[in-house]
Structures are given as C-alpha cells and as structure tokens.
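This report concerns only the one structure given below.
Counting from 1, the numbers follow the sequence of the chain as shown.
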Amino acid sequence: MARDGICAIATAPGEGGIAIVRMSGAGAREILSACFRPARAREILSHRMMYGHAVDARGVALDEVMAVFFAAPNTYTREDMFEIQCHGGGICARRVLERVIALGARIAEPGEFTRRAFLNGRIDLSRAEAVMALIGAKSEAAARASLRQLEGGISGFVRGVGEEIKEMMALVEACTDFPDEVDEPDAARRVRAGAEKARREIAEKCDERGARILREGASIVLAGRPNVGKSSLMNALLQQERAIVTEIPGTTRDVLTERIEIGGVMAEISDTAGQRKTGDLVERIGVERAERAMEGADVVLIVLDASQMRTPEDEALLARMDGRCIVCLNKCDLPRRSDYPGAIELSAATGAGVDALVAALSDRLRAAGGMEERMTQERHLRLARRAMEALDRAVEAIDGENPLDVVEIDLREALGALCEITGEDASEEVIDRVFQSFCVGK
C-alpha cells in the first residue's frame, strides 16, 4: 500500500549538468500530470522518458526538463514514483520541488526512499546499508564490496547459515518431543558438529582489520634511518614532489601523510623522521612520532640504502620486522655496498623498481582488504561476533552434557543475531539508527 507522497532533490547541491527531483508514494501520477507538460500531448506511460516543461499552477514554464514515471511495483520503493531532470544548479530544481510540495507531497526524511524499499520488501536491511556504503565508497575495492552486498552477497550467506541453525533447532525439538524415536546422544553429536560448522562459516566472513581497510583505507608507513631516500620514495609513489628532499640528515622532522589509491584500495602513505639517536629536541619528537606511526601501520616499508653499508640503526629496524613489513633497497643506481635477500631493489631517483614496489603493495593491500565476499559493516561484524559467541556456548553446553533444550536457547540467540543483520528480527530503534546516516533523496 502506497504511503503519503515524499519528495526530495536526489542530486548533490551545486552547479552541474542536471539536478533530479524525485517523488514516491500516493498521488505520484497525479502530481506529475499537474506539474509536467509533455511536448507532445499524450498519456503518461510508465518507464518512458518524456521531454517537456515543468510548470507552475498557471501553466507557466519553470524549466525545460525530462521526466519519467515509474508505476509500482517495478520501482525503487515499490510505490509509484517519478523523477524530473532539471537543469543543474539550485534554482531550477528548487522551484520544481516547491511545486511538487504545493501539490501535496512532503520533504523526505534522510534515507526515507530506501527505508520504504526495505519496508515494502524490495531489499533487506543489509542491502539497504550497502546503498549508502556504495555512495560513500572511497576506493574501487570498497565500491566492489558494497556492490556485492547490494546484490545480496551477505543476505544469501546469512540466510544459508540461518537455515543450518534452524535445522539444528528442529532436531533439538524433535528430540524433546519424540524422545523414544530420536536418540539424544546422536542428536547432540549432530548439533555440536553443526554448531561448529556454522561458527567456522561465520568466522570466515569476518575480518575486522580488512573491513576497516576497505571502509577507511590502509596505512602505509615509510621507515628508515636518515638519508636512505624515504622522502624521495614517497614522491615517486605519489608521482609528485610532496616531501622535501635534501642531503641534510634529519630534513623530515614530522610525519607527512598523503592519500593514494593502490590496487583499488585507498591508503594513507606517511613519510616519517629518520630513526636515529639525536640531541635535537624537535627531531627527537619526530622520531617518537615515527615509532608510533610504525606501530599502528597496516604496511611498513623499511627503506635501506644500497650505496652504504648497513648501520646499527638499519639492523635495529630489521630486527623488528613482522608480516606487515616490506624491505626496500633504495639507491640501486649507485655503486652497491650492501644487499638484503628478498628486498625490492629500486631507485627512487630514477624510478627503476618503483613499479615492482607498487605491485607488491597492491598484492598486500588486496589481500588485507579482500572483503568483497565478506562482512564490511561494523554492525554486521558486531552481530556476527554475537552469533559466534552463542554457538560457542551451545558447543560448551553439549560438552557439559546439558539437556538439548538448554542448548536450543543458545541456538536461538545465534539465529536472532544473524536475522538482525538482514533486518528480519531488527527493532524499530535499530532500523532508525541505520537510516539516520543516509542522505536526503536516497
């Protein structure tokens, strides 16, 4: 059933080629007929783009426009809808919007169009969240993950695991209702195996670090002693002169950060102060900040100077290496005085080897942020953790030889957490919280 009519300008404010006024709900066809005059007098047909003019109550043209009517249920909201494409800028769209309001529609709340799509059963809550995630995607990888979620990737997974848990619950109920026909020890073994399997499947979809990298971007930190070429390497990666480069040790005294997209993943790349013992107060603060940046980084590029013998400062950095680190042997265009097995050999000055480093970073970031088939929303991850905890309790209860009707409580909690991801079991408060972050017009 169509609700009251809502309308909004669906395009971003400011100058542009077009601005779109959108309406959904009761009276959409009548309001469009009253505010739009086709160039050729004819019946308004669904899903047909028409050229004409938006007009005021006296029939005076407000703007030269294109308009399209969408008949329910084959629409975004599953209600009657229309869109009017005006000339870009604030004036034309605002005048058309005021006319639509005067004819009986009201201004939509943030996310109300998508909320109606959810309430009318066109999409579930996880797919509704994917709409806003796709709009706000900061990288190609984030956009792909959001699109996958919009197409039902997470919904299908949640429904599949939910069905597995329902089968376990049905087995528990059968064991309780028909104790003479269902062997309880055998049922307990089957439920335990099913709970562990469901737990593993959920865990495979959860990677909080990878989800953060997709949402917010990765952190790449350049580390090394003074004058190994960190600033030059940062400039080479950015393909612009961003960091100051001199032969004076200690030129970089603070953390300098820029954004860059590598392998479809957005990243913040940071040049840090050269790490060495120093009596200079300002440089010492810079070294401390470099240490903190390294600790919080997703990827650390340890930069060595191939034209000099390795120093104690180099060895100290190499001793701290972990899985986040990539060793870069810089200045390979100069006479070689040191080496490092497995390092990426390059010259920031000439550009040699920089493409190999970019390829290695792309592989590393794609692996860290390879979340297109996994959960990326914080809400989903929180609920998935709750479901896994409930499944763990179910296994513990079986191991403790508790009755299966006790185990059913934990299975039901796990199922409820998963259903809340798709909105099947979500409260009005949760739904309100999801849609309050949406933009008006979507």
Would [X] and [Y] pass as an ion pair if we require N to O under 4.0 Å?
{"X": "R385", "Y": "D392", "value": "no"}
{"X": "R116", "Y": "D4", "value": "yes"}
{"X": "E196", "Y": "R199", "value": "no"}
{"X": "E345", "Y": "R336", "value": "yes"}
{"X": "E420", "Y": "R386", "value": "yes"}
{"X": "E208", "Y": "R212", "value": "no"}
{"X": "K205", "Y": "E201", "value": "no"}
{"X": "D399", "Y": "R192", "value": "yes"}
{"X": "R189", "Y": "D186", "value": "yes"}

Testing the basics here: between [X] and [Y], what is the closest heavy-atom pair and its distance to 0.1 Å?
{"X": "M23", "Y": "F113", "value": "C-CE2, 4.1 Å"}
{"X": "S338", "Y": "D305", "value": "OG-O, 3.2 Å"}
{"X": "N330", "Y": "S347", "value": "OD1-CA, 3.6 Å"}
{"X": "T77", "Y": "S24", "value": "OG1-OG, 2.8 Å"}
{"X": "C328", "Y": "L357", "value": "SG-CD1, 3.8 Å"}
{"X": "V221", "Y": "A297", "value": "CG2-CB, 3.6 Å"}

Donor-acceptor check, side chain of [X] to backbone of [Y], threshold 3.5 angstrom: yes or no?
{"X": "T11", "Y": "I20", "result": "yes"}
{"X": "R379", "Y": "I421", "result": "yes"}
{"X": "D322", "Y": "R324", "result": "yes"}
{"X": "S362", "Y": "V358", "result": "yes"}
{"X": "S126", "Y": "T422", "result": "no"}
{"X": "H380", "Y": "I154", "result": "no"}
{"X": "K230", "Y": "R225", "result": "yes"}
{"X": "D314", "Y": "T311", "result": "yes"}

Given salt bridge (Lys or Arg N to Asp or Glu O under 4.0 Å), test R412 with E408 step by step and report yes or no. CA-CA 6 Å; R412 193 172 298 279; E408 186 180 11; 2.9 Å; yes
Can you confirm whether [X] sits close enough to [Y] that some side-chain heavy atom of one is under 4.5 Å from a side-chain heavy atom of the other?
{"X": "N120", "Y": "R3", "answer": "yes"}
{"X": "V300", "Y": "L317", "answer": "no"}
{"X": "I262", "Y": "I269", "answer": "no"}
{"X": "I101", "Y": "I107", "answer": "yes"}
{"X": "R115", "Y": "D432", "answer": "yes"}
{"X": "Y76", "Y": "V131", "answer": "yes"}
{"X": "L411", "Y": "L391", "answer": "yes"}

From [atom1] ([X]) to [atom2] ([Y]), nearest 0.5 Å:
{"X": "C86", "Y": "M66", "atom1": "SG", "atom2": "CE", "value": "12.0 Å"}
{"X": "Q85", "Y": "E83", "atom1": "CD", "atom2": "CD", "value": "7.0 Å"}
{"X": "L237", "Y": "D271", "atom1": "CG", "atom2": "CG", "value": "10.5 Å"}
{"X": "E173", "Y": "M169", "atom1": "CD", "atom2": "CE", "value": "6.0 Å"}
{"X": "I123", "Y": "T114", "atom1": "CD1", "atom2": "OG1", "value": "5.5 Å"}
{"X": "I18", "Y": "I84", "atom1": "CD1", "atom2": "CD1", "value": "12.5 Å"}

Under 6.0 Å from the ring centre and within 45 degrees of the ring axis: does the NZ or CZ of R310 meet both conditions for the six-membered ring of Y340?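 Output no; distance or angle outside limits.
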Which word best sums up how the rings of F435 and F118 line up, parallel for under 30°, tilted for 30 to 60°, or perpendicular for over 60°?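 Geometry flag for F118 against F435: tilted rings.
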For the residue pair E268 and T257, confirm or rule out a side-chain donor-acceptor distance under 3.5 Å.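 Not at all, the side chains of E268 and T257 share no donor-acceptor pair under 3.5 Å.
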Is it true that, when you exclude E424 itself, more than 12 heavy atoms of the residues, nucleotides or ligands shown sit nearer than 6.0 Å to its CD?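 12 or below, so no.
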Would one find more than 12 heavy atoms of other residues, nucleotides or ligands at under 6.0 Å from atom CE of M309?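 No, not enclosed.
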What verdict does the side chain to side chain contact (heavy atoms under 4.5 Å, CB included) test give for E112 and R106, after you've listed the backbone C-alpha separation in whole Å, the side-chain angles of each residue and the deciding distance to 0.1 Å? CA-CA 11 Å; E112 192 168 2; R106 65 170 173 82; 2.6 Å; yes
Please lay out, stage by stage, how L404 and L171 fare under the test side chain to side chain contact (heavy atoms under 4.5 Å, CB included). CA-CA 9 Å; L404 283 183; L171 181 57; over 6 Å; no
